[in-house]
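Below: the structure, in structure tokens.
As a basis for the values below, the full set of heavy atoms in this structure was taken, side chains included, without hydrogen atoms, waters or symmetry mates.
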Amino acid sequence: MNSISVRALLVRGMLAGLAAGLLALVVAYLLGEPRVDSAISYEDGHSHEHGVELVSRTMQSTAGLATGVLIYGVALGGIAALAVCVALGRIGRFGPRATAALVSLGALVAVYLVPFFKYPANPPSVGDPETIGKRTTLYFLMVALSVLLAVGAVILGKRLAPRLGNWNATVAASAAFVAAVGLAYAFLPSVNEVPKDFPATLLWQFRLAALTIQATLWGSFGLLFGHLAERLLSPRPIAVDTAANASGTGSTTGTAAGAPAAR
């Protein structure tokens, strides 16, 4: 793949990420923000300390939310587009659309789902402010381990494919990935700072909303970018007006047949 194609795919990836971010923004506003408001109400009712609000809650839930989600969408779109460029033709005989879908699904699993099941998202008022640095470090460590293990699983599957076949190699590589993730879960410390009286339903709804937002973001990106990449790399042939050509050929033939033979 030449540099022009990579640049074109990068631009399309960022545009697809922006569009996916818009969809995720709608989901975040409808599903996530009401749970955040409920968590803040719980915190206000159980805490006597009220700090200075530098940014209003209205600004946070509108312009702040939109800025964060859209920038995140554009950034992941560019990174994922480059990942598709690397994966295209190297993970099987898949076209641009299928490759984009597989990369998006793999990214959702490795970048979000695996870390999420170890360190799930928590709403405001959950977590000790003094441990935020530790919790952030552990989360990003889990993300890095998950991505590295996913890349290792893909390499392992490629090496096993000639001996085991594609299906068996995929199963073996997936099993190795799950086992390695299980070891990471076992050795990394757990974090549970949810207050005992925090509403379990609200916690579940918040985490489900966070999961839905990410699924919307990655799923819509995979579909949109796959469509754009396929149009760029596998364009449809220009349709030929066969009827007109046939008519033109017939007319030429008839004229030639009807013309008097040259003597």
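L70 places a side-chain heavy atom less than 4.5 Å from the side chain of L18. Side chains of P123 and V36 form no contact here, defined as non-hydrogen atoms less than 4.5 Å apart. Contact annotation: the side chain of L138 approaches that of P189 to within less than 4.5 Å [non-hydrogen atoms, C-beta and beyond]. A heavy-atom distance below 4.5 Å is found between the side chains of L188 and Y119. Between L232 and L9, the closest side-chain pair of non-hydrogen atoms falls below 4.5 Å. In this structure, the side chains of R135 and E193 come closer than 4.5 Å at one or more pairs of heavy atoms.
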inquiry  = Applying side-chain contact (heavy atoms from CB on, under 4.5 Å) to N168 and L160, what does each step give before you reach the verdict?
reply    = CA-CA 8 Å; N168 292 331; L160 292 177; over 6 Å; no

inquiry  = The test is side-chain contact (heavy atoms from CB on, under 4.5 Å); show your working for L23 and V27 and say whether it passes.
reply    = CA-CA 7 Å; L23 294 175; V27 176; 5.9 Å; no

request  = Assess whether side-chain contact (heavy atoms from CB on, under 4.5 Å) is satisfied between L156 and F177, documenting all intermediate values.
outcome  = CA-CA 10 Å; L156 177 63; F177 175 74; over 6 Å; no

request  = Take L82 and V6, measure what side-chain contact (heavy atoms from CB on, under 4.5 Å) needs, and give me the verdict at the end.
outcome  = CA-CA 7 Å; L82 296 177; V6 173; 4.1 Å; yes

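With hydrogens and angles ignored, the 3.5 Å screen pairs no side-chain donor or acceptor of R35 with any backbone N or O of Q205. Side chain of T170 to main chain of N166: a donor-acceptor pair is present (N/O by atom type, distance under 3.5 Å, no hydrogens or angles). The backbone N or O of I155 sits nowhere less than 3.5 Å from a side-chain atom of R159 that would complete a donor-acceptor pair.
The two residues Y139 and V111 come nearest to each other via the heavy atoms OH-O, 4.3 Å. Between L217 and S220, the shortest heavy-atom contact is O-OG, 3.2 Å. Across every non-hydrogen atom of S146 and A110, the tightest pair is OG-O, 2.6 Å. In this structure, A210 and A121 approach most closely via the heavy-atom pair CB-CB, 4.1 Å. The two atoms that bring A87 and V103 nearest to each other are CB-CG2, 4.0 Å, heavy atoms only. Counting all heavy atoms, side chain and backbone alike, L149 lies closest to A180 at CD2-CB, 3.7 Å.
Atom CZ of residue R207 and atom CG of residue L211 lie 11.5 Å apart, to the nearest 0.5 angstrom. Here the CG-CZ distance, from L102 to R97, works out to 13.0 Å after rounding to the nearest 0.5 Å. In this structure, the separation between CZ on R7 and SG on C85 is 11.5 Å, given to the nearest 0.5 Å. Between L208 atom CG and T212 atom OG1 the span is 4.5 Å, to the nearest 0.5 Å. For the atom pair M142 CE and T137 OG1, the distance stands at 14.5 Å (nearest 0.5 Å). With rounding to the nearest 0.5 Å, the separation of CD1 in I213 from CG in L30 is 10.0 Å.
At most 12 non-hydrogen atoms from other residues, nucleotides or ligands lie less than 6.0 angstrom from CZ of F140.
Hydrophobic clustering, with ILVMFWY side chains joined whenever heavy atoms are under 4.5 angstrom apart, keeps V69 apart from L224. Cluster membership for Y185 and L113, using ILVMFWY side-chain heavy atoms within less than 4.5 angstrom, is shared. Taken together through direct or relayed side-chain contacts under 4.5 Å among Ile, Leu, Val, Met, Phe, Trp and Tyr, L145 and V181 form part of one hydrophobic cluster. Residues F198 and W204 do not share a hydrophobic cluster, clusters being chains of Ile/Leu/Val/Met/Phe/Trp/Tyr side chains in contact below 4.5 Å. Tracing side-chain contacts under 4.5 Å through hydrophobic residues (I, L, V, M, F, W, Y), one reaches F117 starting from V109; they form part of the same cluster.
The aromatic rings of F221 and F225 sit parallel, their planes meeting at an angle under 30°, below the 60° perpendicular limit.
Under the 3.5 Å distance criterion, with hydrogens and angles disregarded, a donor-acceptor pair is assigned to the side chains of S190 and K118.
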